[in-house]
Number of protein chains: 2
Amino acid sequence: MNPQVTEARPRDREATRERILQAARTLFGEQGYEQVTVRMIAAAAEANIALVGRYFGSKAGLFGAVLQGEPTFSRLFDGDPETLARRLAEYAAERMRHPPDSPILRTLERSAGHPEIHEVVRERLITAVLKPLEARLSGPDAPARARMAAAVFLGIGAMRRRVGPRDPTPADVDRLTAVFEACLAG
Amino acid sequence: MNPQVTEARPRDREATRERILQAARTLFGEQGYEQVTVRMIAAAAEANIALVGRYFGSKAGLFGAVLQGEPTFSRLFDGDPETLARRLAEYAAERMRHPPDSPILRTLERSAGHPEIHEVVRERLITAVLKPLEARLSGPDAPARARMAAAVFLGIGAMRRRVGPRDPTPADVDRLTAVFEACLAG
DNA sequence: AGTTGAAGTATACGCATGTTTACTAGCCGC
DNA sequence: GCGGCTAGTAAACATGCGTATACTTCAACT
């Protein structure tokens, strides 16, 4: 009769794996794929370098695992369709000032370059952002409209990172609302 | 036996420098800062690696020289202010399908990550895009409005690179026109 | 208790990068 | 002609990367 195996074993594969995953989530979100090294992740997770390879195969595999573990944006898109544009605008306005609270968008904002993660980034952007939004749009051209709204999101983040943060004003939110309404208009 | 296939090039500091610059312009625009190596640039320019360091100090210095040499977007912004949004929309719609014709935007679209070029990217984005557009806007909040329009540009490019190209439809152009009108509305 | 297998470790491999050094050779003014 | 400045070259340097290997340690099960 075993006691519960879930608690505080000194050697715990699952816990170590989780520490690595969590460290990677944080670091990738903060600095993007290429700026973060496997050694940094291992150090932050207080795990040995070789374990990263052992549990995730490769750096790209770990990156994929991070992205797969992130939730979609369905919550943001849920609610009254009439006020969807406004909610998106408020969220985007906050993105002028601060990086996304969600690691997934932080990670997607950065890490454009590397070819080896291109596919997983693309897949995750589609399933976590485009498809959920698209599903909530009525009328024609839903994919195109969702894509354009997502483009605005990415663009806002790109400007913040490249030019600098900006405190969103009420006028900014109004403008963004109009922008998203234009994006989503059927 | 062949006589020399490659005819000797006269020694010309300025011409060599220009070849390197031109090769860098092309490669950075095609692949972004971090994907391009100094050796690739030297090979494309048919110049020795060391000359890159000699003439431009460093890879980042060369990148800065490329960006400094690019024209601004004033031409796109000139013309009837009434139809500015439409012109921007047509340009942006083309960006859904193809990378920018101008190396500067291609370069700015990519190369987000590297800290060592952050400053020159920022500076160039401001002086080549934001300021010229801002100068053509009347009414309040011109910087904020220009910034938002620029964000849409960057976002469109980001979506093309990450998700894939899209053939813009007339409806896309209409939507984008409305988006830019919302961005630029005073 | 002793064996065993996996978790964890230390270290090195192979490679690519940006950069620098020591050298060669061609052009120009004399 | 020729000497010297300098464009151009070849090679190495130093570093950091992701990954792989061989070893050690420890906990669980017979």
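Chain letters run A, B, ... following the sequence lines, proteins first and then strands; every chain starts at 1. Atom set for the values below is all heavy atoms of this structure, side chains included, hydrogens, waters and symmetry mates excluded.
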Asker: Just to be sure I understand the geometry, which residues of residues 37-47 of chain A put a non-hydrogen atom under 4.0 Å away from DNA chain C?
Answerer: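 Those residues whose heavy atoms fall under 4.0 Å from DNA chain C, taken from residues 37-47 of chain A in numerical order, are R39(A).
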
Asker: Under the 6.0 Å and 45° cation-pi test, does K59(B) pair with Y33(B)?
Answerer: yes

Asker: Separation of L27(A) atom CG from dC17(D) atom P, in whole Å?
Answerer: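 In whole Å, dC17(D) P and L27(A) CG are 13 Å from each other.
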
Asker: Does R175(A) come within less than 4.0 Å of D141(B), counting only side-chain N to carboxylate O?
Answerer: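 A salt bridge links R175(A) with D141(B).
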
Asker: From the options dT21(C), dG8(C), dT19(D), select the nucleotide whose nearest atom is closest to the side chain of K59(A).
Answerer: dT19(D)

Asker: I want to confirm an ordering. Mapping A60(B) and T16(A) to their closest nucleotides on DNA chain C, which one lands closer to the 5' end?
Answerer: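 Looking at DNA chain C, the more 5' nearest nucleotide goes with T16(A).
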
Asker: Does one hydrophobic cluster hold both V173(A) and F180(A), with members joined at side-chain heavy-atom distances below 4.5 Å?
Answerer: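 Unlinked, V173(A) and F180(A) end up in two clusters.
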
Asker: Mapping N48(B) and S58(A) onto DNA chain D by nearest heavy atom, which one lands closer to the 5' end?
Answerer: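 The answer here is N48(B).
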
Asker: Just the rounded figure in Å: distance from P of dT21(D) to CZ of R54(A).
Answerer: 12 Å

Asker: Between Q35(A) and D12(B), which is nearer to the 5' end of DNA chain D once each is assigned its nearest nucleotide?
Answerer: D12(B)

Asker: When the distance from CZ of R17(B) to C1' of dT6(D) is rounded to whole Å, what number comes out?
Answerer: 16 Å

Asker: Do the side-chain N and O atoms of R19(B) and Q22(B) include a donor-acceptor pair separated by under 3.5 angstrom?
Answerer: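 Result is no, nothing qualifies.
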
Asker: Answer with yes or no after comparing the ring centroid distance for F56(B) and F63(B) against a 6.0 Å cut-off, counting only values under it.
Answerer: no

Asker: Whole Å only: how far is the CD1 atom of I49(A) from the C1' atom of dA12(C)?
Answerer: 11 Å

Asker: Below 4.0 angstrom from OP1 or OP2 of dG8(D), is there any side-chain N or O of Y55(B)?
Answerer: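 Checking Y55(B) against dG8(D): at least one side-chain N or O falls below 4.0 Å of OP1 or OP2.
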
Asker: Given 3.5 Å as the limit, does a donor-acceptor pair link the side chain of R160(A) with the main chain of R95(A), or not?
Answerer: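 Side chain of R160(A) to backbone of R95(A): a pair is present.
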
Asker: Take the C1' atoms of the five end pairs on each side of the helix from dA1(C)-dT30(D) to dC30(C)-dG1(D), derive the two axes, and give their angle rounded to 10 degrees.
Answerer: 10°

Asker: Phosphate oxygens OP1/OP2 of dA7(C): is one of them under 4.0 Å from a side-chain N or O of R13(A)?
Answerer: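 The answer is yes; a side-chain N or O of R13(A) sits under 4.0 Å from OP1 or OP2.
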
Asker: Mark yes or no for whether R87(B), through its side chain, and D78(B), through its backbone, hold a donor-acceptor pair below 3.5 Å.
Answerer: yes

